[in-house]
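Below, chains carry the letters A, B, ... as their sequence lines are ordered, and counting in each starts from 1. What you see below is based on every heavy atom in this structure, not just the backbone, and it leaves out hydrogens, waters and symmetry mates.
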Amino acid sequence: MGNFEKIWRVVTLVPSGCVASYGQIADLAGLPGRARLTSKALGKAPESLGLPWYRIVRSTGQIAFPAGSELAQTQRVRLIAEGVHVNGRQICMQRFGWKPEISTLLYELEF
DNA sequence: CGACTGACGCCGA
DNA sequence: CTCGGCGCCAGTC
């Protein structure tokens, strides 16, 4: 299994109403310190996978796309639609950050 | 082959 | 608070 695929699988586990950081996704995929790989993998992900890409933000809680860009707007709207509070492009990670159960990960992922 | 490029993250100035 | 520098690595050229 390639690294991109590992990342895509972890992204599918992020529940509605939560957000996760690029670095967190990489860590959970067994690729510590490779946040940039997550951004790359998301950019290359086939549309057909229907990944909840908008639930991935920077570790600071900020939407990664340039403020005002089409993608940033779409991401913001979709998050709000799921109940996530988004002030401008800032999200409160303490409240909406995904904190997965270790048992869930062990069950869902089989690397 | 090397150089450059990201939807990043952390640390120091 | 903002920058800048560096580590990161799979593609792309």
| field | Derivation and outcome, side-chain contact (heavy atoms from CB on, under 4.5 Å), residues A:Tyr54 and A:Glu82 | value | CA-CA 11 Å; A:Tyr54 52 87; A:Glu82 292 188 344; 2.8 Å; yes

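For residues 39-53 of chain A, no residue pair satisfies the salt bridge (charged side-chain N to carboxylate O under 4.0 Å, His left out) rule, not counting sequence neighbours.
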Under 3.5 Å between N/O atoms: give me all the protein pairs with nucleotides 6-13 of chain C, atom names plus distance.
| unit_1 | atom_1 | unit_2 | atom_2 | d |
| --- | --- | --- | --- | --- |
| C:dG7 | O6 | A:Arg36 | NH1 | 3.1 |
| C:dC9 | OP1 | A:Arg34 | NE | 3.3 |
| C:dA10 | OP1 | A:Asn3 | ND2 | 3.4 |
| C:dA10 | N3 | A:Lys40 | NZ | 3.3 |
| C:dT12 | OP1 | A:Lys44 | NZ | 3.3 |

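Annotation for A:Arg34 and A:Asn3: closest pair NH1-ND2, 4.3 Å, computed over non-hydrogen atoms. Taking each heavy atom of A:Gln62 and A:Val57 in turn, the nearest pair found is O-CB, 3.4 Å. Smallest separation of non-hydrogen atoms from A:Pro52 and A:Thr12: CD-CA, 4.3 Å. Residue A:Ala45 comes nearest to A:Trp8 through the heavy atom pair CB-NE1, 3.4 Å, listed as atom of the first residue, atom of the second, then distance.
Atom OG of A:Ser103 is separated from atom CD of A:Glu108 by 10.0 Å, given to the nearest 0.5 angstrom. The CG atom of A:Leu37 sits 12.0 Å away from the CD1 atom of A:Ile25 when rounded to the nearest 0.5 Å.
Nucleic acid contact class of A:Thr60 (heavy atoms, under 4.0 Å, all strands): none.
Bracketed by its first and final contacts, the part of DNA chain B lying under 4.0 Å from non-hydrogen atoms of chain A reaches from B:dT5 to B:dC10 in 5' to 3' order.
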